[in-house]
Amino acid sequence: MGIQHRNSLRLGLCCLFAAEPVRFRTTTVTSLLRLTKPERLQKLSAICLANANALMEALQFCNHNGIGSFRVNSQILPAKTHPQAGYSISNLPDGSLIEATFRACGQYASENGLRTVFHPDQFVVLNSPREDVVDNSVNELEYQAEVAEWIHADVINIHGGGGYGNKPESLARFSRNLERLSDRARTRLTVENDDRIFAPADLLPLCRSTGVPLVYDVHHHRCLPDEWSIEEATQMAQTTWNREPLFHISSPANGWQGNNRSKHHEYIDVADFPGCWSDLKITVEVEAKAKELAVARLRDELFALNSQVSDN
DNA sequence: AGCGGTCAAGTTGAT
DNA sequence: ATCAACTTGACCGCT
């Protein structure tokens, strides 16, 4: 039982481990397409099974080390939706075992109060004016939603997408395209403020009208501010959630003065952690290159801060 | 066995 | 017009 289960705050690890020997495998489409179809399915089967087992190890590590949430990499089933190399799990030689292993991950997560989350990458753009881009995005979201159901993940988090010179119209397209998602994808979808186009205040109307929760990234908010303070954005974001809110924290690699402030540091500077988050019942995903080491350090530093406060 | 170039996909803005 | 940035590291074919 991890420390944050006793406190209200839950810290989350993103995708990878720095020191712990838990590894997820992947491959490339190019190498897959060089193989015959049976060879290809055999190779994919081995990778997917290895990844299902690695996910179980990852969850066990989190459970034993006070990490309350784990973000699953989009490549957990590599090339799943690729037009040529794509496949369905039931066509893989070890398909049933793969699915059973993922379902066991879900069981383990639920039993131990662990949260799991997906974050599709930059190619998933639900508000693109290009039909083919939206098609691909929907396919990708549906794939991740299937795995999400197996492992009991409750969040599939994406950004608002491009601005295309007209943000309101672009957000309207986002809303419209939501209707193309299945229930299991739609109910898990969340939207996160980014550091270039959509600030929290831009997204709130979308969240209000569609019921899609806002993942508040305070680093992005500092890079792309709006009329809201951090405290205000925190409060607004909380009201969009019908379950435990999910926020993001990171620190700039080269300080707040430099010109590329959006690049992530190895660790979190505890000074960047909003004071108003301390007593909330939320998940905070730690986006830092030092991965589980950064989560551990942040947890210790927050704990030390809180002890000081209560000593006074 | 070790090395380094390459990896499906979108969008923006710096150069 | 090109390219890096975005969770980045891992794979793969060559020697």
Side-chain angles (χ1 to χ4, degrees), chain A residues 12-35 39-40 43-44 46-47 50-51 54 58 69-87 117-141 143-144 156-167 170 173-174 177 192-198 215 217 219-220 223-224 246 248-254 258-268 284-295:
Chain A
L13 172 64
C14 298
C15 304
L16 299 173
F17 292 81
E20 196 62 19
V22 176
R23 292 288 175 267
F24 293 90
R25 295 184 54 192
T26 187
T27 184
T28 61
V29 167
T30 322
S31 77
L32 286 173
L33 292 180
R34 264 196 284 267
L35 304 173
E39 288 170 336
R40 191 155 77 223
K43 174 171 181 158
L44 285 163
I47 293 176
N51 286 351
S69 164
F70 185 71
R71 180 190 297 177
V72 181
N73 196 290
S74 299
Q75 296 302 315
I76 187 115
L77 306 182
K80 180 67 169 64
T81 64
H82 187 271
Q84 280 89 49
Y87 52 96
V117 173
F118 284 82
H119 195 357
D121 50 23
Q122 62 267 34
F123 311 109
V124 174
V125 183
L126 206 48
N127 78 342
S128 177
R130 289 173 46 190
E131 268 311 286
D132 58 321
V133 171
V134 178
D135 287 344
N136 291 341
S137 300
V138 169
N139 288 340
E140 186 72 13
L141 290 169
Y143 136 57
Q144 298 197 22
I156 302 174
N157 178 44
I158 61 176
H159 292 285
Y164 310 101
N166 185 338
K167 292 195 209 178
S170 298
R173 217 164 31 239
F174 188 107
N177 289 335
E192 174 189 348
N193 63 298
D194 63 82
D195 57 350
R196 297 144 73 94
I197 321 252
F198 293 113
V215 170
D217 186 314
H219 186 178
H220 289 161
C223 294
L224 179 70
L246 182 74
H248 287 178
I249 185 81
S250 44
S251 286
N254 307 304
N259 38 0
N260 60 345
R261 306 159 0 130
S262 58
K263 196 160 185 208
H264 290 175
H265 194 95
E266 298 271 312
Y267 288 89
I268 305 300
V284 178
E285 288 193 281
V286 175
E287 295 186 327
K289 293 191 199 176
K291 298 298 168 186
E292 80 277 15
L293 307 177
V295 178

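Residue numbers start from 1 in every chain, and the chains themselves are labelled A, B, ... in the order their sequence lines are given, proteins ahead of strands.
A parallel orientation is assigned to the rings of A:F70 and A:F17, their planes being inclined by less than 30° (bins at 30° and 60°).
The residue A:A85 sits apart from the nucleic acid: no heavy atom pair falls under 4.0 Å. Nucleic acid contact for A:S128: sugar-phosphate only, since backbone atoms but no base atoms lie under 4.0 Å from a heavy atom of the residue. Residue A:E192 is out of contact with every strand shown, counting any heavy-atom pair closer than 4.0 Å. No contact: A:Q84 has no heavy atom under 4.0 Å from any strand. Nucleic acid contact class of A:G163 (heavy atoms, under 4.0 Å, all strands): sugar-phosphate only. Contacts of A:D121 with the nucleic acid, taken as non-hydrogen atoms under 4.0 Å apart, include base atoms.
The side chain of A:R196 lies closest to B:dG13 when the candidates are C:dT7, B:dG13, B:dA8. Distances from the side chain of A:V29 to the nucleotides B:dA9, C:dC6, B:dA8 place B:dA8 closest.
Comparing the P positions of B:dG5 and C:dT7 gives a spacing of 25 Å, expressed to the nearest Å. With C1' as the reference atom, C:dC6 and B:dG4 are 23 Å apart, rounded to whole Å. Distance noted for atom P between B:dA8 and C:dC12: 10 Å (whole Å). Using atom P as the reference point in both B:dG2 and C:dT8, the two lie 28 Å apart (nearest Å).
Between A:D194 and A:R196, none of the side-chain N atoms (NZ, or NE/NH1/NH2) sits under 4.0 Å from a carboxylate O, so this pair counts as no salt bridge.
Atom pair A:N136:CG and B:dG10:C1' shows a separation of 10 Å (rounding to whole Å applied). Atom CG of A:N166 is separated from atom C1' of B:dT11 by 16 Å (rounded to the nearest Å). In this structure, the CG atom of A:L293 is 20 Å from the P atom of C:dT7, given to the nearest Å. For A:F123 and B:dG10, the CZ to P distance is 7 Å, given to the nearest whole Å. Per the geometry, OH belonging to A:Y143 stands 15 Å off P belonging to B:dA8, to the nearest Å. Taking atom OH on A:Y164 and atom C1' on B:dG10, their separation rounds to 7 Å, with Å as the unit. Nucleotide B:dT12 holds its P atom 16 Å from the NE2 atom of A:H220, rounded to whole Å. To the nearest angstrom, C1' of C:dC6 lies 8 Å from CG of A:D195.
Separating the CZ atom in A:R25 from the CD atom in A:Q75 is a distance of 13.5 Å, to the nearest 0.5 Å. The OH atom of A:Y143 lies 6.5 Å from the OG atom of A:S74; values are rounded to the nearest 0.5 Å.
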**OP:** Evaluate the side chain to side chain contact (heavy atoms under 4.5 Å, CB included) criterion for residues A:V133 and A:S137: first the C-alpha distance (whole Å), next the side-chain angles of each, then the deciding distance (0.1 Å), finally the verdict.
**Re:** CA-CA 6 Å; A:V133 171; A:S137 300; 4.2 Å; yes
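Base pairing analysis places B:dG2 opposite C:dC14; the two distances defining the Watson-Crick or G-U wobble pair are each below 3.5 Å. Base pairing of B:dA14: its partner is C:dT2, meeting the Watson-Crick or G-U wobble criterion (both donor-acceptor distances under 3.5 Å). Across all strands shown, B:dA9 forms no Watson-Crick or G-U wobble pair with both distances under 3.5 Å.
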Original post:
Just by protein heavy atoms under 4.0 Å, how would nucleotides 9-15 of chain C read 5' to 3' in B, S and -?
Top reply: -SSSS--
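In terms of phosphate contacts, A:S137 brings no side-chain nitrogen or oxygen within less than 4.0 Å of OP1 or OP2 of B:dG10. Contact between the side-chain N/O atoms of A:R130 and the OP1/OP2 oxygens of B:dT11 is found at a separation under 4.0 Å.
For the residue pair A:E192 / A:H119, a side-chain donor-acceptor distance below 3.5 Å is found, with atom types taken as modelled.
Scanning both residues, A:K291 and A:C14, for their nearest heavy atoms gives NZ-O, 2.9 Å.
For A:Q122, there are no side chain to side chain donor-acceptor pair (under 3.5 Å) partners two or more places apart in sequence or in a different chain.
Screening A:T81, A:I156, A:N136 for a side-chain contact (heavy atoms from CB on, under 4.5 Å) involving A:L141 leaves a single residue, A:I156.
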